[in-house]
Amino acid sequence: MRSLINTGRPPVFCPGCSHERITGALDKALQQIGLDGNQVAIVSDIGCSGLFDTFFNTHAFHGLHGRALTYATGLKMACPDLTVIVTMGDGGLGIGGAHVLSTCRRNIDLTLLVLNNFNYGMTGGQCSSTTPQNAVVGSGFLNRLERPVDICQVATAAGAPYVTRTSSYAPDLVDEMAAAIRYEGFSLIDMWGMCPGRYTKRNKLTPKAIDAGLKGLVPFCGPVAVNQRPEYSRAYREITEQMAPAVGPAGVAARFTPPDSGRQELLILGSAGQRIVTAGEIVCLAGMTGGMHATLKNDYPITVLRGHSVSEMVLASEPVDYTGIDRPAVVIALADEGVGRRRQLLAGLGAETLILKAAGVNLPETSATVQEIDFKAKKIKTQDWALASLALVAKRKRVISMEMLKAALEIRFKKAILETALDLVDRVSE
């Protein structure tokens with residue numbers, strides 16, 4: 001097999017950088033396996049290891065710092081026959097630590113080459129997640145306060161089935177890489193090397209010192225017996241192939257003529273528990289039965305069960321490019337919490353806007369047309385106020401019609417709930 005090195009842009013590293021040796025070893029490993037450039041994708045991280053994608057005539061993806069494994073996972077899932085190799089420094093390893101753990105857990109067929117030179121070499125020699133505590137680095141004393149990560153120990157604990165720790169100067173580095181790439185599952189090689197541009201200017205480190213350091217650690221030499229299991233993407237495909245095909249979204253047929261043409265905006269202002277979001281969905285379904293395009297935006301706090309709940313809907317005869325609410329045709333105000341979220345908008349409305357306000361809700365001064373509804377006097381439960389308000393809107397033929405509303409309820413609800421909803425709409429609209 002021929003070399004895959006890009007002669008148009010050959011590798012250029014600082015003199016003595018171990019990355020250059022790794023580049024050559026990777027090229028020989030790919031040749032040993034017999035892979036052509038169109039069979040390989042190199043996904044690179046940021047930093048000096050991020051240059052690898054330009055040095056090879058293969059498919060390539062260059063992403064954000066620490067995120068290389070996420071892109072690689074997507075590539076492998078989409079193109080299972082592709083050999084995907086990730087190059088990442090110890091800097092990206094720390095920044096993307098959660099992604100490393102997830103990839104170990106999944107056991108997807110990727111090879112992660114960790115170019116470990118114990119510092120952020122490209123940005124000034126600051127400490128990384130693997131910097132020894134006694135090292136002198138560009139970020140002062142910080143590394144003395146943090147214990148360095150043993151990525152092999154961490155990866156094994158997270159479920160990685162193939163883990164190797166070696167020196168970038170090891171005579172069998174090519175064979176180690178080839179074995180890791182051939183392995184069907186997630187494989188990781190932690191390769192210790194030197195950064196002459198930054199790290200070794202302040203710290204005495206040689207290939208012999210690296211070998212001595214490696215001998216003092218627990219060895220990792222390939223397959224991890226307790227973590228052997230089916231490869232993720234293969235198992236994923238086998239499971240999904242046995243499943244029934246996913247059913248696409250149900251279409252909503254246009255059956256009615258909406259009472260208003262053009263763009264119509266509707267705003268529901270309520271609180272948690274008033275089923276505001278459900279009411280918004282119903283409005284959109286109703287609009288679709290009238291052949292209209294519909295958008296829905298919801299605003300509620302993370303507490304979910306307490307606080308405001310706001311739904312903004314746009315119905316339009318043409319595709320909706322802007323989903324913001326500027327001049328709503330109808331506003332339904334059911335709770336002070338929701339009103340508080342849109343107080344400024346309400347103050348600027350004109351008489352053409354209809355506001356249906358629940359009794360007891362406070363509105364800012366507004367020129368809109370306000371009609372108060374005493375839902376309690378009508379013995380309507382708080383959680384039904386939003387649907388009752390939609391019935392009143394439909395009765396007035398604003399934005400949606402009664403037939404559109406009932407059609408939407410038939411789409412949204414089934415059996416007993418549908419009967420209850422239709423009964424409420426009929427009672428309110430009498």
Is the side chain of T303 donor-acceptor paired with the backbone N or O of L305 at a distance under 3.5 Å, no angle test? no

Is E403 paired with R255 through a side-chain N to carboxylate O contact shorter than 4.0 Å? no

Please tell me whether Q242 and R237 have a donor and an acceptor in their side chains that are separated by less than 3.5 angstrom. no

Measuring from atom CG of L69 to atom CG of D45, what distance do you get when rounded to the nearest 0.5 angstrom? 8.0 Å

Ring centroid separation for F220 and Y162, is it under 6.0 angstrom? no

Interatomic distance, OG@S129 vs CZ@R147, rounded to 0.5 Å, equals 13.5 Å

C127 and V137 have their tightest heavy-atom pair at CB-CG2, 3.9 Å

Are the side chains of H59 and I42 in touch, meaning some heavy atoms are under 4.5 Å apart? no

Got a second to check how far Y71's OH is from H99's NE2, nearest 0.5 Å? 8.0 Å

Looking only at the side chains, is there a donor atom on one of S44 and H62 sitting less than 3.5 Å from an acceptor on the other? yes

Are any of the side-chain heavy atoms of V114 and M191 separated by less than 4.5 Å? no

Drop me the distance from L4's CG to D36's CG, to the nearest 0.5 angstrom. 7.0 Å

Tell me, do S389 and L334 make a side-chain contact under 4.5 Å, heavy atoms counted? yes

Looking at E410, is its backbone amide N or carbonyl O close enough to the side chain of K406 to form a donor-acceptor pair, meaning the two atoms are under 3.5 Å apart? no

Hey, are the side chains of L409 and L387 touching, using non-hydrogen atoms and a 4.5 Å cut-off? yes

So, does E146 use its side chain to make a donor-acceptor pair with the main chain of L142 at under 3.5 Å? no

Please check if any side-chain donor atom of T131 sits under 3.5 Å from a side-chain acceptor atom of N143, or the reverse. no

Charged N to carboxylate O below 4.0 Å: is that the case for D374 and K378? no

One thing to verify: whether D384 and R275 come together as a salt bridge, which I'm taking to mean a side-chain N less than 4.0 angstrom from a carboxylate O. yes

Counting only heavy atoms not in R9, do more than 12 fall under 6.0 Å of its CZ? no

Exercise: identify the closest heavy-atom pair between C48 and H19: CB-CD2, 3.5 Å

Option from T369, V370, V339 for which side-chain contact (heavy atoms from CB on, under 4.5 Å) with I355 holds: V370

How far apart are the C-alpha atoms of L115 and I22, what are their side-chain angles, what is the distance that settles it, and do they pass the side-chain contact (heavy atoms from CB on, under 4.5 Å) test? CA-CA 8 Å; L115 285 65; I22 293 171; 3.7 Å; yes

Check: D299/H308 side-chain N/O donor and acceptor closer than 3.5 Å: yes

A side-chain contact here means heavy atoms from C-beta on lying under 4.5 Å apart; do R306 and E337 qualify? no

When you compare the side chain of V320 with that of R263, does any pair of heavy atoms fall below 4.5 Å? yes

Donor-acceptor pair, distance only, cut-off 3.5 Å: does the side chain of T240 make one with the backbone of Y236? yes

Using modelled atom types only, decide if a donor and an acceptor are shared between the side chain of E241 and the backbone of E238 within a distance under 3.5 Å. no

Give, for atom OG of S429 and atom CG of L392, the distance between the pair rounded to the nearest 0.5 Å. 8.5 Å

For residues 321-330, tabulate all N or O donor-acceptor pairs below 3.5 Å that involve a side-chain atom, not counting sequence neighbours.
| from | atom 1 | to | atom 2 | distance (Å) |
| --- | --- | --- | --- | --- |
| R327 | NH1 | G348 | O | 2.8 |
| R327 | NH2 | E352 | OE2 | 2.8 |

Looking at P11 and I5, what are the two nearest heavy atoms and their distance? CD-CG2, 3.9 Å

Could you tell me whether the side chain of R144 and the main chain of V136 form a donor-acceptor pair under 3.5 Å? no

Using only atom types and a distance under 3.5 Å, with no angle test, would you say the side chain of N203 pairs donor to acceptor with the backbone of Y199? yes

Side chains of R105 and Y232, heavy atoms from C-beta outward: is any pair under 4.5 Å? no

Donor-acceptor contacts, no H, no angles, side chain residues 277-285, under 3.5 Å, sequence neighbours left out:
| from | atom 1 | to | atom 2 | distance (Å) |
| --- | --- | --- | --- | --- |
| E281 | OE1 | R412 | NE | 2.8 |
| E281 | OE1 | R412 | NH2 | 3.2 |

Tell me whether T164 contacts the main-chain N or O of C221 through its side chain, where contact means a donor paired with an acceptor under 3.5 Å. no

Look only at the side chain of W385 and the backbone of I380, and say whether a donor-acceptor pair between them is shorter than 3.5 Å. yes

For S309 and I276 the tightest heavy-atom approach is OG-CB, 3.3 Å

Check G290 against P258 and note the closest heavy-atom contact, atom names and distance. O-CD, 3.4 Å

Result for side-chain contact (heavy atoms from CB on, under 4.5 Å) between F186 and one of V163, L112, T111, D109 points to L112

If you round to the nearest 0.5 Å, how far is CG of L269 from OG of S311? 9.5 Å

Mind running side-chain contact (heavy atoms from CB on, under 4.5 Å) on L266 and I268 for me, showing each step along the way? CA-CA 7 Å; L266 192 148; I268 306 178; 3.6 Å; yes

Validation row: V40, L30 side chains within 4.5 angstrom (heavy atoms): yes

Do NZ/NE/NH1/NH2 and the carboxylate oxygens of R234 and E184 come within less than 4.0 Å? yes

Which heavy atom of L173 sits nearest to which heavy atom of A25, and what is that distance? CD2-CB, 3.8 Å

Between F52 and F56, what is the ring plane arrangement, given parallel below 30°, perpendicular above 60°, and tilted in between? parallel

Pair M402-K395, side-chain contact (heavy atoms from CB on, under 4.5 Å): steps then yes or no: CA-CA 6 Å; M402 187 60 68; K395 181 180 180 180; 4.3 Å; yes

Might you work through the side-chain contact (heavy atoms from CB on, under 4.5 Å) test for T295 and M313, ending with a clear yes or no? CA-CA 6 Å; T295 69; M313 293 130 281; over 6 Å; no

Is a salt bridge present between R165 and D150, judged by a nitrogen-to-oxygen distance below 4.0 Å? yes

Under 3.5 Å, which donor-acceptor pairs do the side chains of residues 82-98 form with other protein atoms, sequence neighbours left out?
| from | atom 1 | to | atom 2 | distance (Å) |
| --- | --- | --- | --- | --- |
| T87 | OG1 | S49 | O | 3.0 |
| D90 | OD1 | N117 | N | 3.0 |
| D90 | OD1 | F118 | N | 3.4 |
| D90 | OD2 | F118 | N | 3.4 |
| D90 | OD2 | N119 | N | 2.9 |
| D90 | OD2 | S128 | OG | 2.5 |

Okay, side chain of T156, backbone of C152: is any donor-acceptor separation there less than 3.5 Å? yes

